[in-house]
Amino acid sequence: MATEQNNLPDIISHCKEYGFIFPSSDIYDGLSAVYDYGQWGVELKKNIKDIWWKSMVYMHENIVGIDSAIFMHPTIWKASGHVDNFSDPMIDNLDSKKRYRVDHLIEGFCEQVADSNKQLADELLVKMDALLAADDFVGLKQLIVDNNMKCAVSGTCNWTDVRQFNLMFSTQLGSVAEDSDTIYLRPETAQGIFVNFLNVQKTGRMKIPFGIAQIGKAFRNEIVARGFIFRMREFEQMEMQFFVRPGTQKEWYEYWKEARMKWHLALGISASKYRFHDHVKLAHYADAACDIEFDFPMGFKEVEGIHSRTNFDLSQHQEYSKKKQMYFDNDIDEATGKPYGNYIPYVVETSIGLDRTILMVLSEAYTVEDLSTEDKKDSRVVLKFPPKLAPIKLAIFPLMKKDGLAELAREMMNEYREDFFCFYEEKDAIGKRYRRMDALGTPFCVTIDHQTKEDGTVTIRYRDSMDQERVKMSDVKAIVLNAIKS
RNA sequence: GCGGAAGUCGUAUAGUGGCUAUUACCUCAGCCUUCCAAGCUGAUGACGACAGUUCGAUUCUGUUCUUCCGCUCCA
């Protein structure tokens, strides 16, 4: 799918070499699909979070943020459907590589034999229910093998053992394991918003339509976690749940689809790198859903999902918690001339993977340039981040250490560091310092030289064009601030 | 989870059943220099882990961990 060759291995090496992303527990050989952000990666991450938060919360008077706990009441995951949907025993056929839910496989078999042998089918179903209730995986496999249940694709009976796949991580609450309740690490941040819906609505005096935003960690015990930071077991989401009047969800869904794509394009990434993918098969809670996909080194993949979740979640929580999740709408319905009254709001969700966004920005920024001339071979690796995302905004170099140039540069550093992240460097030749900054994606470098002492001008060097300009020292701050604002 | 490939300093690499494991870049210290990876001198730093075979294993075998590619999965 990707038009260029897959340069993901180069990006991974670069991220490690220059302090963006390290394998977790590196000195112990790493931990599968877990990564740590290094000194520059954490800045990039923070910048992306800030931009998202600003665009969602600060730019919308009717959206507020929260930060809910990772641990939540276990019943929440029953209400949300996560427990039922992801605790099913599965079995794989070794020939067709097809994976089945064990209950589906057995039920399918029973339907087939029911015509000729109703008694056997009923017996099997009773046995299956008993085995499922007892979590007897060995017994379940035996049942499948004994009755010669075949894979529909390969037609063979070559099965793996029955295994339980639950995508949620669990742990115990309380110090004594036997007495304690099993609780889950949240597999999505959305439920933390739903269960706080009324808290926020009442204390914030929010009127529908309104939204609640949250950035936070989520955990999924993925069977196959791969693709560098694309699919990790511990990851961070940026979600916003928008509560609307029933019947208006379609227009809000379209609104947020467009608004979110605009946000992506504002990162300076070309529209041709994005596409929408509309879901045909909808999840149990949705009445419309699409993904925003980005052209990663390994092809088009989902970065963000926009889902019209109906009133499924709030209704479920109302049922399980026995607490009303209703909103009283005072606005007048023109059709009846009366207020809309009490209802469970519908929800339109935007949910973007922060780590995926980082990978997106990195793979978009990563560039290898050939700068060879006839005399000399030369190349550079440059991360062409939009200035607002760059970990370091400005690097300040004295051309040389002596003659008071270093002191001047330090002064500038002290003045500017309050406004944005600056980096000071006096080691090595100036060209080398420029190239080092290219590799970190620093959009601007200024060099203090002897002329600075005379007329207060400095050389500003631009990352992307490698052009240099002589400007007044006092103008530099405005140049940088202007660039990181847009 | 299945199939394939691979693990050597921070990165990229060479090589070997046996002497101090190669090279480049990076990094660090010093000298010199100063507007695009300059030069010189010196330094740090690696055979993924655990077993087995062997007089001796980084090299062969097995297990394991990790990564990449393809499939599969993906509320």
Side-chain angles (χ1 to χ4, degrees), chain A residues 6 8-10 12-19 22-35 38 77 80-86 90-100 153 158 160-161 163 165 167-168 187-188 190-191 220-228 230-231 279 281-286 289 291 297-298 301-302 305 307 309 312-313 349 351 369 371 373 376-382 397-403 405 426-439 445-451 458-463 465-470:
Chain A
N6 186 342
L8 188 59
D10 298 331
I12 295 170
S13 291
H14 188 85
C15 283
K16 183 168 185 202
E17 186 166 9
Y18 287 93
F22 309 121
S24 160
S25 319
D26 204 8
I27 62 171
Y28 289 98
D29 275 341
L31 186 62
S32 182
V34 187
Y35 290 89
W77 305 112
S80 70
H82 285 82
V83 171
D84 286 343
N85 283 334
F86 279 92
M90 311 285 275
I91 192 163
D92 291 5
N93 184 274
L94 288 165
D95 298 311
S96 65
K97 314 296 182 202
K98 190 102 178 90
R99 175 168 296 159
Y100 295 88
V153 177
N158 187 10
T160 61
D161 288 338
R163 283 164 298 195
F165 290 100
L167 256 62
M168 287 193 290
E188 64 174 25
Q191 299 303 326
R220 293 183 196 181
N221 198 2
E222 299 280 358
I223 297 150
V224 181
R226 245 193 274 154
F228 193 37
F230 183 81
R231 180 170 294 134
H279 289 201
K281 226 178 90 187
L282 293 168
H284 57 278
Y285 54 68
D291 298 334
M298 61 282 195
K301 303 264 189 190
E302 176 188 354
H307 304 142
R309 293 180 79 129
F312 175 83
D313 299 276
E349 162 190 84
S351 172
E369 287 182 353
L371 303 173
T373 59
K376 196 173 119 196
K377 278 199 89 108
D378 194 10
S379 69
R380 68 166 183 161
V381 174
V382 50
F397 306 143
L399 189 59
M400 57 181 74
K401 286 180 231 178
K402 51 191 182 189
D403 300 336
L405 298 184
E426 60 183 31
K427 242 188 83 64
D428 294 316
I430 195 72
K432 192 169 199 166
R433 284 180 262 170
Y434 287 154
R435 297 294 178 87
R436 257 202 292 258
M437 285 300 116
D438 288 342
C445 300
V446 295
T447 301
I448 312 280
D449 60 12
H450 290 97
Q451 201 183 326
V458 296
T459 304
I460 184 162
R461 182 265 193 187
Y462 301 100
R463 177 194 65 200
S465 62
M466 297 173 75
D467 288 342
Q468 302 187 30
E469 254 186 301
R470 193 97 207 158

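All chains are named by letter (A, B, ...) in the order of the sequence lines, taking the proteins before the strands, and each is independently numbered beginning at 1. Computation of the quantities below employed the complete heavy-atom set of this structure, encompassing side-chain atoms and omitting hydrogens, waters and symmetry-equivalent molecules. What you are looking at is a predicted structure, and each value in this text was computed from that prediction instead of being measured.
Consecutive pairing runs in RNA chain B reach the stem threshold at B:1-7 with B:65-71, B:10-12 with B:23-25, B:27-31 with B:39-43, B:48-52 with B:60-64, where a stem means at least three Watson-Crick or G-U wobble pairs with distances under 3.5 Å.
Protein atom CD of A:E426 is 17 Å distant from nucleotide atom P of B:C35, rounded to whole Å. Between the P atom of B:C69 and the CE atom of A:M298 lies a distance of 8 Å, rounded to the nearest Å.
Checking B:A12, B:U34, B:A37 against every side-chain atom of A:S13, the shortest atom distance belongs to B:A12.
Taking the salt bridge (Lys or Arg N to Asp or Glu O under 4.0 Å) definition, one finds that A:R380 meets it with A:E369, A:D438, sequence neighbours left out. The salt bridge (Lys or Arg N to Asp or Glu O under 4.0 Å) search around A:E222 returns none, not counting sequence neighbours. Residues satisfying the side chain to side chain contact (heavy atoms under 4.5 Å, CB included) criterion with A:I460, sequence neighbours excluded, are A:F444, A:V446, A:Y462, A:E469, A:V471, A:I479.
The base of B:C36 has none of its N or O atoms less than 3.5 Å from a complementary donor or acceptor on the side chain of A:R433.
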So which protein N/O to nucleotides 23-28 of chain B N/O distances come out below 3.5 Å?
residue	atom	partner	partner atom	Å
B:C26	OP1	A:K432	NZ	3.4
B:U27	OP1	A:R436	NH1	2.0

Short N/O separations, protein against nucleotides 43-49 of chain B, under 3.5 angstrom:
residue	atom	partner	partner atom	Å
B:G48	O2'	A:D29	OD1	3.3
B:G48	N3	A:D29	OD2	3.4

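Annotation: B:A24 and B:A37 have their C1' atoms spaced 13 Å apart (nearest Å).
The pair A:D428-A:R435 fails the salt-bridge criterion, with no side-chain N (NZ, NE, NH1 or NH2) lying under 4.0 Å from an Asp/Glu carboxylate O.
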